[in-house]
Amino acid sequence: MVPSIQTLALTDRARSLDGAALVVGNPAEMPVLPNFGVLPSLPGAEQEAAAIAALLNTDPWIGPEATETAILEQMADKSIIHLATHGLLDFDDTLNEFGLPTADEIPTRAETGVNVTPGAVIVGDNVTVGGVDARVALARERVVRVKLPGLLALAPDTDNDGWLSAADIATLDLSADLVVLSACNTGRGRITGDGVLGLSRTFMTAGVPSVLVSLWQVPDMPTAELMTEFYQQLADNPNKAQALRQAMLAMKAEDPNPKNWAGFVLIGQARPGWDRGL
């Protein structure tokens, strides 16, 4: 699936699945975030990481080893990055998933003196941004920026709080052909005219042509089974979309409840080394 032409352009990279893999499962201790509370341990994610690491001939990063600092150091040169942990949506307090104000008392465009026309933002008199004339403040900006939602839980350490955010990921330079975000809601984000802005888009901005993400709160143990089956299928067929489909069909044959196996989609390239000229 490719949600927009701009996203399609981000997937136009020739990469390989044959290099080293990074597999993370059930980091500990989980970081704490206001409004979310203490995150529970994920034994299924730990089993998932151990099984997938064995398939990919590597050692998993589990529990206290999976610190944010250590995982960031490991990411840069990996062909496959698999993160089995908690995923959270940290939307702005004043904006919903569609980028609209959540409070009824927020003034309208006309009341603020800001008019939006195609290709331009026209600001009226006496409009300020942080105490600065809005025409001056906005002159430095190409777009109106809002917080990119999306967090992945890793183990905190002395240098980092354990939250790998969408904004953090957007600053990375990755060489991976595939990133698998085996966590809740990793395919969701801010809904815009250019698709969904969140974890999937920021990994693509960081250089990854294929990201496997979830559309809802996925269950721990069934997700571990689905992901293990996905990599078994991928070993026989480098087409990631087909491998995901076959894994879902295998799960469906054992469990008719789609909540347990239908929550993941592949964003971007289906095959490594994909070329639009072929």
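In this chain, numbering begins with 1 at the start of the sequence shown. We use all heavy atoms of the structure for the numbers below, so side chains are in, but hydrogens, waters and symmetry mates are not.
- Across every non-hydrogen atom of Trp261 and Lys252, the tightest pair is CZ2-CG, 3.6 Å.
- Taking hydrophobic clusters as Ile, Leu, Val, Met, Phe, Trp and Tyr residues chained together by side-chain heavy-atom distances below 4.5 Å, Met221 does not share a cluster with Leu226.
- In this structure, the side chains of Met30 and Val38 stay at 4.5 Å or more apart for every pair of heavy atoms.
- For the pair Asp133 (side chain) and Thr128 (backbone), a donor-acceptor distance under 3.5 Å is absent.
- Placement of Met75 and Met204 within a single hydrophobic cluster is found when ILVMFWY residues are connected by side-chain heavy-atom separations under 4.5 Å, directly or transitively.
- With sequence neighbours left out, Asp168 forms a salt bridge (charged side-chain N to carboxylate O under 4.0 Å, His left out) with no residue at all.
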- May I have the step-by-step check of side chain to side chain contact (heavy atoms under 4.5 Å, CB included) for Asp177 and Ser16, ending in yes or no? CA-CA 6 Å; Asp177 181 67; Ser16 172; 5.8 Å; no
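- The shortest non-hydrogen separation linking Ala153 to Trp163 is CB-CZ3, 3.8 Å.
- The same ILVMFWY cluster, assembled from side-chain heavy atoms under 4.5 Å apart, contains both Met1 and Val211.
- Remark: Asp59 CG to Glu65 CD distance equals 9.0 Å, nearest 0.5 Å.
- Every residue meeting the side-chain contact (heavy atoms from CB on, under 4.5 Å) condition with Asp159, not counting sequence neighbours, appears here in chain and number order: Thr69, Asp157.
- Residues Ala243 and Asn237 come closest through the heavy atom pair CB-O, 4.2 Å.
- Counted by atom type alone, Asn26 and Ser41 present one or more donor-acceptor pairs between their side chains at under 3.5 Å.
- Distance CG/Leu249 to CG/Leu244: 9.5 Å, rounded to 0.5 Å.
- Between the side chain of Ser175 and the backbone N or O of Ala76, at least one donor-acceptor pair lies under 3.5 Å.
- Counting heavy atoms from C-beta on, the side chains of Asp220 and Pro43 come closer than 4.5 Å.
- One finds the CG atom of Asp173 at 12.0 Å from the OG1 atom of Thr205 (value rounded to the nearest 0.5 Å).
- For the side-chain hydrogen bond (donor to acceptor under 3.5 Å, both in side chains) test, residues two or more places apart in sequence or in another chain that qualify with Asn185 are Arg188.
- Under the 4.5 Å side-chain contact rule for hydrophobic residues, Leu164 and Ile62 do not share a cluster.
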- Please test Leu55 against Gln232 for side chain to side chain contact (heavy atoms under 4.5 Å, CB included), starting from the C-alpha separation and ending with a verdict. CA-CA 7 Å; Leu55 291 172; Gln232 291 172 338; 3.8 Å; yes
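- Nearest approach of Ser200 to Ile267, heavy atoms of both residues: CB-CG1, 4.5 Å.
- The only member of Val180, Val196, Val265 that meets side chain to side chain contact (heavy atoms under 4.5 Å, CB included) when paired with Val213 is Val265.
- Distance check, rounded to the nearest 0.5 Å: CZ of Arg190 to CG of Leu197 gives 8.5 Å.
- Contact detail for Leu83 and Ile71: the closest heavy-atom pair is CD2-CG2, 4.4 Å.
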- Just do the side chain to side chain contact (heavy atoms under 4.5 Å, CB included) check on Leu17 and Lys240 with the steps written out, would you? CA-CA 10 Å; Leu17 283 170; Lys240 305 157 203 164; 4.2 Å; yes
- Task: Under the side chain to side chain contact (heavy atoms under 4.5 Å, CB included) rule, what do Leu42 and Glu48 come out as? Steps first, then yes or no, please.
- Result: CA-CA 10 Å; Leu42 296 169; Glu48 172 184 333; over 6 Å; no
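- Note on Leu172 and Leu212: same hydrophobic cluster, where clusters join Ile, Leu, Val, Met, Phe, Trp and Tyr whose side-chain heavy atoms are under 4.5 Å apart, directly or indirectly.
- Taking Asp255 as the reference, Asn260 meet the side-chain hydrogen bond (donor to acceptor under 3.5 Å, both in side chains) condition, with sequence neighbours excluded.
- Distance check, rounded to the nearest 0.5 Å: CG of Leu152 to SG of Cys184 gives 11.0 Å.
- Contact between Gly87 and Ala183 at its shortest, heavy atoms only, is N-CB, 3.5 Å.
- Checking Val208, Ile81, Leu234 one by one against Leu178, the side chain to side chain contact (heavy atoms under 4.5 Å, CB included) holds for a single residue, Leu234.
- With sequence neighbours left out, the side-chain hydrogen bond (donor to acceptor under 3.5 Å, both in side chains) criterion links Thr223 to no other residue.
- Side chain of Ser210 to main chain of Gln269: a donor-acceptor pair is present (N/O by atom type, distance under 3.5 Å, no hydrogens or angles).
- A 4.5 Å side-chain heavy-atom check between Val24 and Thr85 finds every atom pair outside the cut-off.
- Residues in residues 229-254 take part in these ring pair (Phe, Tyr, Trp, His ring centres under 6.0 Å) pairs, two or more places apart or across chains: His82-Tyr231.
- Glu73 contributes atom CD, which lies 11.5 Å from atom CG of Leu22 (distance to the nearest 0.5 angstrom).
- Between Pro258 and Met248, the closest side-chain pair of non-hydrogen atoms is not below 4.5 Å.
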